[in-house]
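Taking it in order: structure first as structure tokens, then the write-up.
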There are 2 protein chains.
Amino acid sequence: MQNDAVLKAHGIKPSLTRMMIFDYLNAAKHHPNVEEIYQALQPKIPTLSKTTVYNTLHLFTEKRVARAVMLKDQENRYDLASHPHAHFQCTKCGKVEDVFRLPDIHLDQALPKHSVHDVSVLISGVCAECQKDEPLI
Amino acid sequence: MQNDAVLKAHGIKPSLTRMMIFDYLNAAKHHPNVEEIYQALQPKIPTLSKTTVYNTLHLFTEKRVARAVMLKDQENRYDLASHPHAHFQCTKCGKVEDVFRLPDIHLDQALPKHSVHDVSVLISGVCAECQKDEPLI
DNA sequence: CTATAAAATTGTAATGATTACAAACATTTA
DNA sequence: TAAATGTTTGTAATCATTACAATTTTATAG
Ligand SMILES: [Mn+2]
Ligand SMILES: [Mn+2]
Ligand SMILES: [Zn+2]
Ligand SMILES: [Zn+2]
């Protein structure tokens with residue numbers, strides 16, 4: 001499916017700016033924040049405003065095209081909502097990795113009378129690389 | 001175990017301020033934020049500074065006495081780290097509920113070379129109460 | 001093709017949580 | 001007691017996010 005079709009399918013009119021922000025999220029693997037998206041696209045869209053980046057990401061999040069990844073930082077980072085997955089953040093180097101292989105979490109028994117819309121899982125610890133650096137204490 | 005013993009056991013000197021913040025977290029069931037803790041304790045500790053609340057919560061978090069609960073709000077809320085559990089936040093009324101009955105998540109296979117320190121699970125949706133208000137669409 | 005309405009984008013100014021930092025105060029140690 | 005260390009405080013920055021009105025662009029109607 002083309003990118004503009006993805007936006008249309010979610011009820012979003014595919015303006016140039018919106019498509020470029022979608023493309024950037026699609027290509028980025030590292031969960032960019034607003035500042036990074038703005039800095040990356042501003043050369044290509046010289047009139048781009050940071051407010052538009054905020055507006056667009058809010059729209060994407062509301063229409064479930066993207067989701068905000070809330071890490072231990074105090075800034076939101078963004079991810080396309082395509083495949084649900086968890087995130088691992090290394091406390092040493094700050095790197096964020098996608099974690100796709102998580103066991104299904106069945107919430108029916110735990111929350112029988114609730115309507116669950118979203119589950120976000122954030123794992124923190126030390127990544128494989130940083131383990132090597134300090135193997136023994 | 002007494003509260004001061006809990007702090008000592010985590011390598012924290014139990015000053016009066018620290019014990020009162022610990023007590024407040026222990027009694028509070030609703031994951032208070034810094035402002036609320038400050039407002040609640042300021043009458044009892046007239047010289048209390050909000051910076052001290054921040055300092056103390058950072059100390060508690062570092063020493064694993066408490067943990068920061070990051071919700072969709074843009075402010076941190078705090079919880080004693082006693083029993084690991086997930087959180088459910090209602091998108092209608094904003095209420096936050098503890099969710100203790102979650103299946104164990106075994107990360108060994110998913111992250112074999114990582115050292116996992118913490119897993120935080122945030123579930124969002126509509127709570128039982130708010131379901132009743134708008135049952136049909 | 002215009003005129004009008006609606007939607008999208010922009011720039012600037014607030015907001016508000018958090019942090020930085022140095023001074024003041026309290027406690028421990030020698 | 002004196003010095004060192006640890007704790008608390010107040011004020012001033014920082015910085016991500018939001019509010020909001022103006023401007024520009026796009027869609028719709030005549
Ligand atoms: Mn991801
Ligand atoms: Mn809790
Ligand atoms: Zn690492
Ligand atoms: Zn509710």
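In the text below, chain A, chain B and the rest are named by the order of the sequence lines, each starting its count at 1.
As rounded to whole Å, 14 Å separates atom C1' of dA16(D) from atom CG of L71(A). With rounding to whole Å, Q74(A) atom CD is found 9 Å from dT19(C) atom C1'. Protein atom CD of Q42(A) is 14 Å distant from nucleotide atom C1' of dG11(C), rounded to whole Å. If you measure from atom CG of N76(B) to atom P of dT19(C), you get 8 Å, rounded to the nearest angstrom. Atom CG in L41(B) sits roughly 12 Å away from atom P in dT8(D) (whole-Å rounding). Rounding to whole angstrom units, CG of residue L48(B) and P of dC25(C) are separated by 16 Å. Rounding to whole angstrom units, CG of residue L59(B) and C1' of dG6(D) are separated by 11 Å. For the pair H58(A) NE2 and dT10(C) P, the computed distance is 16 Å after rounding to whole Å.
Judged as a salt bridge (charged side-chain N to carboxylate O under 4.0 Å, His left out), and not counting sequence neighbours, the contacts of K95(B) are E97(B). For K13(A), there are no salt bridge (charged side-chain N to carboxylate O under 4.0 Å, His left out) partners, not counting sequence neighbours.
D79(A) and H87(A) form a side-chain donor-acceptor contact under 3.5 Å, judged by distance and modelled atom types alone.
The minimum heavy-atom distance linking E36(B) with N33(B) is given by the pair N-OD1, 2.8 Å. Here the shortest heavy-atom pairing between R67(B) and V119(B) reads NH1-O, 4.2 Å. Between K44(A) and P46(A), the shortest heavy-atom distance links the atoms O-CD, 3.5 Å.
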Close N/O contacts between protein and nucleotides 21-25 of chain D (under 3.5 Å):
none

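Using a 4.5 Å heavy-atom cutoff, the side chains of L122(B) and M70(B) are not in contact.
By the 30° and 60° cut-offs, the orientation of the rings of F100(A) relative to H85(A) is tilted.
Residue pairs meeting the ring-ring contact (aromatic ring centres under 6.0 Å, His included) criterion with at least one member in residues 34-78 of chain A: none, sequence neighbours excluded.
Side-chain atoms of R77(B) come within 3.5 Å of backbone atoms of H30(B) as a donor-acceptor pair (strictly under, hydrogens ignored).
Checked options V96(A), N76(A), L25(A); the residue passing with H31(A) is V96(A) (criterion: side chain to side chain contact (heavy atoms under 4.5 Å, CB included)).
Using a 4.0 Å cutoff on non-hydrogen atoms, the parts of residues 8-35 of chain B near DNA chain D are K13(B), S15(B), T17(B), R18(B), ordered by number. Listed by residue number, the members of residues 49-56 of chain B with any heavy atom below 4.0 angstrom from DNA chain D are S49(B), T51(B), T52(B), N55(B).
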